[in-house]
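The first residue in the sequence is number 1, and the count goes up from there. Treat the numbers as computed from the prediction; the structure is a model and nothing was measured. Both ligands and their constituent atoms are indexed starting at 1 by order of listing. Below, each value reflects all heavy atoms present in this structure, side chains not excepted, and no hydrogens, waters or symmetry copies.
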Amino acid sequence: MSTASIEISGHLISPDHYIDGRRVSSAETFELFCPIDQRLLGHIAQGGENHVDAAIRAAERAFPAWAALSAAERKPYLDRFAEEIGKRADALCTVESNDAGVLLSRMRHGVVPRAMLNIAWFAEHALALQERPIDTEQAHHIVRHDPAGVAVIITPWNSPLMLSTWKLGPALAAGNTCILKPPEWAPLTCSVLADAAHAAGLPPGVFNVVQGTGPNTGAKLVSDPRIARISFTGSVPTAKWIAQAAGANLVPCSLELGGKSPFIVLDDADIDQAAATAALMYRNAGQVCLAGTRLLVHENVADDFVARMRHYVERLVIGDPRNETTEVGPIIHPRQVERVKGFVDRAIAAGGRVLWGGAMHPFGPQYYQPTLIANVAQTDEIVQSEVFGPVLTLQTFTSDDEAIALANGTDFGLGGVCYGETTHATALAERVRTGFIWVNSFGIRDLAAPFGGIKRSGIGREGGDWSFEFFCDVKDVVVPKQPFRASFAHR
Ligand code: NAD
């Protein structure tokens, strides 16, 4: 039995699970709403104990044969998977701009091509992975990267297609079988991914999707002792819960979490470029983990910077993300709108001065104005907590040391941005305690490079070889070069 498909602009999307190569429905469902106009999009299958169990069994059954293939033998499956994603570009763009409110233009030109590359790049990169010999005087070491088993992948709503494929690519290419738990506020592109995998001929059980809410379905998946890896992107509170569940079974987990990243502008920066890039932080209504949300600007250039940034912010096109020209869309959910409003209201009550924004936007009930708050102290909630909305803070500094103290003065450590004369900005960037930082730029993400955060922003790195290190069991097969004679050393 299957639940009725969800129709979005002519595209029919299954709301069901995808387990063992076929669609499986649930008696229990939950509602899915569009963040743009609050219309009910449909009812999504809620994964229960039986679905979680069926998916794990299917993934376990499929594992030995999939793991036994060489990377070269798995590659054609994954290349076809990437192609099938490409064939569904229209559906993926339309669907994610409707259920997550992601900009259609960004989906078309950025996310979908990247989703294809996430699969194809890791399939190619895995060819070089299988064995890394180490030769010493005593022995030849065959260092193998063996697939770990069943990998559970859990992703958030702000970029479901991009983040799911970024984890699925290396997990599958390394020979694991996977269970994807999509975000309940934006689950539909993950369902389209299941169609793409099916059409690509991935063997049943190699890739499964179990829909459901976090505390329900997600919690069951990550607590199961049969799984070998958990790759999670999401919030800090959920990560703490998952880490405990994983710890109980000693299952390795990779945690990519929130951020409160500094955006530093030195007094030798190209102020106009810095201001234009800072305005980009409002893209996706600020629902971007790696955004530089704390503007730290040298006092000498602060007035000029704010004036130029205001110029760019006033020109942002706010509206329906399905229009190609829109630059800022809605906030995902009414609960998230309340959260954003609460942060701003408390910041104002604590003495914060709103330089622009600070209120709802007239486009609709899930739209908030791009906001900048000055007159904030380092210890203020608005400086220390991730808002995950279109809200930035402004602080000034007079020396490099002060900039570093402000930049490093939160519990987070995901990313950062540093604008200034290149040598100066690079030297300063090296002192910022985060997993990555962009010098005179923003958002460059090469698949070969490591990605992840420190402190409360996460544990572990994914990307390039780091993804394979996580999704594989590394094994050293030691072959001595001389005949080995068993003897006690003291004799
Ligand atoms: P969330 O933690 O609420 O949910 C993320 C996922 O976890 C969802 O699929 C949810 O269903 C699931 N989940 C919730 N409770 C669970 C449980 N007990 N067991 C298993 N799974 C559970 O996060 P969100 O609100 O969806 O996403 C926003 C957060 O994600 C922000 O903090 C943002 O910074 C972070 N994020 C980080 C990155 C990164 O790469 N570092 C990227 C994007 C988003």
Side-chain angles (χ1 to χ4, degrees), residues 30 32 35 44 46-47 52 99-102 111 118 152-167 179-190 209-224 227 230-246 248 251 253-261 281 284-293 331-333 335-337 339-340 343 385-389 410-416 434-436 443 445 449-463 466-467:
F30 61 93
L32 176 69
I44 306 294
Q46 172 79 274
V52 166
D99 77 346
V102 176
V111 175
N118 282 339
V152 167
I153 291 171
I154 301 196
T155 47
W157 44 262
N158 66 318
S159 194
L161 177 63
M162 151 63 202
L163 292 169
S164 299
T165 49
W166 146 260
K167 294 170 183 298
I179 303 171
L180 173 64
K181 209 296 283 166
E184 55 267 46
W185 286 351
L188 293 180
T189 41
C190 292
V209 176
V210 181
Q211 301 282 6
T213 53
N216 237 297
T217 314
K220 289 186 181 72
L221 274 168
V222 298
S223 305
D224 198 292
I227 61 173
I230 301 167
S231 176
F232 170 77
T233 299
S235 66
V236 175
T238 306
K240 287 183 179 173
W241 198 95
I242 289 178
Q244 286 191 17
V251 173
C253 48
S254 161
L255 306 171
E256 297 190 345
L257 313 178
K260 194 72 184 174
S261 301
M281 302 304 123
N284 220 26
Q287 302 164 119
V288 179
C289 62
L290 43 75
T293 50
I331 291 174
I332 180 88
H333 194 274
R335 233 188 303 163
Q336 194 67 11
V337 175
R339 189 180 141 85
V340 171
F343 271 117
S385 303
E386 184 186 47
V387 177
F388 221 55
T410 75
D411 285 341
F412 291 102
L414 186 57
T434 54
F436 55 90
R445 292 212 27 206
F451 182 84
I454 63 169
K455 298 197 276 182
R456 297 295 172 274
S457 290
I459 297 178
R461 292 290 176 275
E462 293 186 39
W466 290 269
S467 292

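- Here is the list of ligand 1 atoms found below 4.0 Å of a heavy atom in Phe451: 40 (O).
- Using a 4.5 Å heavy-atom threshold, the side chains of Phe232 and Val152 count as separate.
- Using a 4.5 Å heavy-atom threshold, the side chains of Leu257 and Arg456 count as separate.
- Between Ile230 and Ile242, some side-chain heavy-atom pair lies under the 4.5 Å cut-off.
- Of all the heavy atoms in Leu32 and Pro187, the pair that sits closest is CD1-CD, 3.5 Å.
- Within ligand 1, the atoms closer than 4.0 Å to a non-hydrogen atom of Trp157 are 24 (P), 25 (O), 26 (O), 27 (O), numbered from 1 in the order shown.
- Ranking protein heavy atoms by distance to atom 41 (N) of ligand 1, first place goes to Leu257 O, 2.7 Å.
- Glu462 and Ser254 share a side-chain donor-acceptor pair at under 3.5 Å.
- Checked by distance only, ligand 1 and Glu386 come closer than 3.5 Å through their nitrogen or oxygen atoms.
- Residues Thr410 and Lys260 bring no donor and acceptor atom of their side chains to less than 3.5 Å of each other.
- Looking only at atom types and distance, the side chain of Thr233 has a donor-acceptor partner in the side chain of Lys167 under 3.5 Å away.
- Using a 4.0 Å cutoff on heavy atoms, Pro182 counts as a contact of ligand 1.
- Rounding to the nearest 0.5 Å gives a distance of 10.0 Å between OG1 of Thr165 and CD1 of Ile153.
- Cation-pi geometry between Arg445 and Phe451 is met: under 6.0 angstrom from the ring centre, within 45 degrees of the axis.
- Heavy atoms of Trp185 found under 4.0 angstrom from ligand 1: none, in either backbone or side chain.
- When Cys190, Ala219, Gly259 are ranked by how near their heavy atoms come to atom 19 (N) of ligand 1, first place goes to Ala219.
- Using a 4.0 Å cut-off between heavy atoms, Val236 makes no contact with ligand 1 at all.
- Scanning all protein heavy atoms for the shortest distance to atom 8 (C) of ligand 1 gives Thr155 O, 3.4 Å.
- Interface atoms of ligand 1 facing Gly258, defined by a heavy-atom separation under 4.0 Å, are 32 (O), 34 (O).
- Distances between N or O atoms of Lys181 and those of ligand 1 include at least one value under 3.5 Å.
- Near Ile242, the atoms of ligand 1 lying under 4.0 angstrom from a non-hydrogen atom of the residue are 19 (N), 20 (C), 21 (N).
- Protein heavy atom closest to atom 20 (C) of ligand 1, with residue, atom name and distance, is Gly218 C, 3.2 Å.
- With respect to atom 28 (C) of ligand 1, the closest heavy atom belonging to the protein is Phe388 CE2, 3.6 Å.
- Thr238 OG1, 4.4 Å is the protein heavy atom nearest to atom 4 (O) of ligand 1.
- No donor-acceptor distance shorter than 3.5 angstrom exists from the side chain of Gln46 to the backbone of Gln211, with no hydrogens or angles considered.
- Taking the side chain as every heavy atom from C-beta outward, Ile154 and Ser231 never approach each other to under 4.5 Å.
- Among protein heavy atoms, the minimum distance from atom 27 (O) of ligand 1 is reached at Pro156 CB, 3.2 Å.
- Taking the six-membered ring for Trp and the full ring otherwise, the centers of Phe388 and Trp157 sit less than 6.0 Å from each other.
- Ranking protein heavy atoms by distance to atom 36 (N) of ligand 1, first place goes to Cys289 CB, 3.5 Å.
- Across Ser235, Gly214, Pro160, Ala186, heavy-atom proximity to atom 14 (C) of ligand 1 is greatest for Gly214.
- For the atom pair Leu414 CG and Thr293 OG1, the distance stands at 10.0 Å (nearest 0.5 Å).
- Protein heavy atom nearest atom 10 (C) of ligand 1, with residue, atom name and distance: Glu184 OE1, 3.4 Å.
- Here's the thing with Trp241: none of its N/O atoms is less than 3.5 angstrom from an N/O atom of ligand 1.
- Annotation for ligand 1: atoms under 4.0 Å from non-hydrogen atoms of Asn158 are 43 (C), 44 (C).
- Here Leu163 has side-chain heavy atoms under 4.0 Å from ligand 1, and that is the only part of it that gets that close.
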